[in-house]
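To keep things clear, I will list the structure first and then write my remarks on it.
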Amino acid sequence: MGGPGFDRREFERRERAVLVGVHLPFDPDNPVSGPADTEELARLVDTAGAEITAVLEQNRPRPNAASFIGKGKLEELTEVCLNKDAELVVFDNDLSPNQGRNIQKALGEDVRVLDRTELILHIFATHARTRQSRLQVELAQLQYLLPRLTRMWKHLERQAGGIGTRGPGETQLETDRRLIGRRIATLRKQLKEVQRDQRTQTNSRRDEYRVALVGYTNAGKSTLMNGLTGADVYVKDQLFATLDATTRRVDLDERRRFLITDTVGFIRRLPHHLVESFQATLQEVADADLLLHVVDAGADDPDQQIASVRKVLNGLVPETRPQLMVFNKLDTVGDPDLVRNRFSREYPDALFVSALDPAGIDAVRQVLQDVLAANERVYRLTLPVAKLYVLGPWHRTGDVLEQVCENTTCQVAIRMRQEDASRLLAREPEVTEVPGS
Ligand SMILES: Nc1nc2c(ncn2[C@@H]2O[C@H](COP(=O)(O)OP(=O)(O)OP(=O)(O)O)[C@@H](O)[C@H]2O)c(=O)[nH]1
Ligand SMILES: [Mg+2]
């Protein structure tokens, strides 16, 4: 079961799991409708460290209110669990507290039931390395747990000693709710502090051009990050290898540089609790000037992955934020030209690369250089000769094309980023832009 009951050690011996996927008709108003994806679920379960012993699927017009799957299917599931000696049942769908409770009752105490959200939360919990991501995951877990407390009852009863003392006249359940509510408040407060520290750091980088890598989990974001920056971000063929944000500076040439951030990947039906509690990590994405949307071109259904990523991004960044599509893992597709033709129609600016190939990294680097250059223009400035010394920072951030001094004034033509020019002009009132330049 989920929540604080997630014990990292529990997955260490390979638990035997049965997967259940219910295919529902697609309904645009219902985010959890549509077909199940038991293959992706299998990858998630494998990432969590369990062994898959059987997969059950069912088509239904709608979920059964009491047990999600039908009565007959539930009996079949009970039998399969017995035959396969399974200790774990994982649903690709999300279960209501009531459905979870009923399924748990039918399967008995020796089998643990997890739904999709609980499984993803579990993976996040085991992959969280920093204080910030641990706080964020715990917050998401507790928020998910709160309405399901009765289902957790047995588990909490066992732990009750460690959880705290019961207030006067309270049932154990009320005590648990109160304690969890208090813990949630503490976590929120601690996360606010983390975010405040981060903002101080971010402010000092405000003037720099910022790029964020976004994309479906396992698309190759960290691989691209390492290729571009020489960083040593953890890369692994598993889902949600990265949970924290890493930012590095990339120098393209003497004066063109940008900051790039690699961060947590997205997935279809990403639990909304996670998106909410990962606000601090996702702030780097929200603040970026440009998003590099990395797509695994060799995935079964890249379009569906793109749509899932866009959906999460919608709540994070304005639609107008510049985005560049990077179709990665081109080395894994049978016919690269077919992939190019297919996607460049919809995304004419898209890049097609392999992040494992230095030529792929160069292509991304070149495009970023072009983006930065397109953001520049030539400024014509005038200033008193006696103030020439203030031009130091201009020379460092811009490309001086011409500098002519006559009598007491100098004229300078300089190519630079708009943001840099505005900042420097505001700082030095003696330097003025020649009108109409
Ligand atoms: N063949 C091939 N494999 C790649 C390429 N890029 C990345 N990979 C592999 O894909 C797997 C996932 O790569 P990561 O860079 O960890 O992916 P990610 O997007 O950061 O994934 P998360 O952090 O889990 O969201 C790793 O095994 C990489 O070696 C590529 O261009 N070609
Ligand atoms: Mg990664």
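No hydrogens, no waters, no symmetry mates; every other heavy atom, side chains included, goes into these values.
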Run the salt-bridge test on Arg43 and Asp46 with the 4.0 Å N-O cut-off and return the result as yes or no.
no

Taking all non-hydrogen atoms of both residues, which atom of Thr223 and which atom of Leu356 are closest, and how far apart?
CG2-CD2, 3.7 Å

I'd like to know whether the aromatic ring centres of Phe278 and Phe124 sit less than 6.0 Å apart in this structure.
yes

Do Leu224 and Ile361 come within less than 4.5 Å of each other through their side chains, counting heavy atoms only?
yes

Donor-acceptor check, side chain of Thr126 to backbone of His122, threshold 3.5 angstrom: yes or no?
yes

side-chain hydrogen bond (donor to acceptor under 3.5 Å, both in side chains) assessment of Asp300 paired with Gln305
CA-CA 9 Å; Asp300 284 343; Gln305 301 200 343; over 6 Å; no

Salt bridge (charged side-chain N to carboxylate O under 4.0 Å, His left out) partners for Asp335, two or more places apart:
none

Hey, are the side chains of Val137 and Arg134 touching, using non-hydrogen atoms and a 4.5 Å cut-off?
no

Is it true that the NZ or CZ of Arg148 lies under 6.0 Å from the centre of Tyr144's six-membered ring and within 45 degrees of the ring axis?
yes

Taking the six-membered ring for Trp and the single ring otherwise, decide whether the centroids of Phe352 and Phe327 are under 6.0 Å apart.
yes

Any side-chain heavy atom of Arg255 within less than 4.5 Å of one from Asp399?
yes

State, with a plain yes or no, whether a side-chain heavy atom of Leu424 is found less than 4.5 Å away from one of Val431.
no

Run the salt-bridge test on Arg249 and Glu208 with the 4.0 Å N-O cut-off and return the result as yes or no.
yes

Heavy-atom pair of closest approach, residues Gln99 and Asp94
OE1-O, 4.3 Å

Heavy atoms, side chains only, cut-off 4.5 Å: are Thr47 and Phe240 in contact?
no

Taking the cut-offs as 6.0 angstrom to the six-membered ring centre and 45 degrees off its axis, would you call Arg345 and Phe343 a cation-pi pair?
no

Heavy-atom distance under 4.5 Å between the side chains of Thr247 and Glu284, does that happen here?
yes

May I have all residue pairs that pass salt bridge (charged side-chain N to carboxylate O under 4.0 Å, His left out) and include part of residues 266-282, sequence neighbours excluded?
Glu40-Arg268, Asp92-Arg268

Scanning both residues in full, the closest heavy-atom pair of Ala245 with Thr261 reads CB-CG2, 3.9 Å

Mind checking the CD-OG1 spacing from Glu419 to Thr397? Nearest 0.5 Å is all I need.
11.5 Å

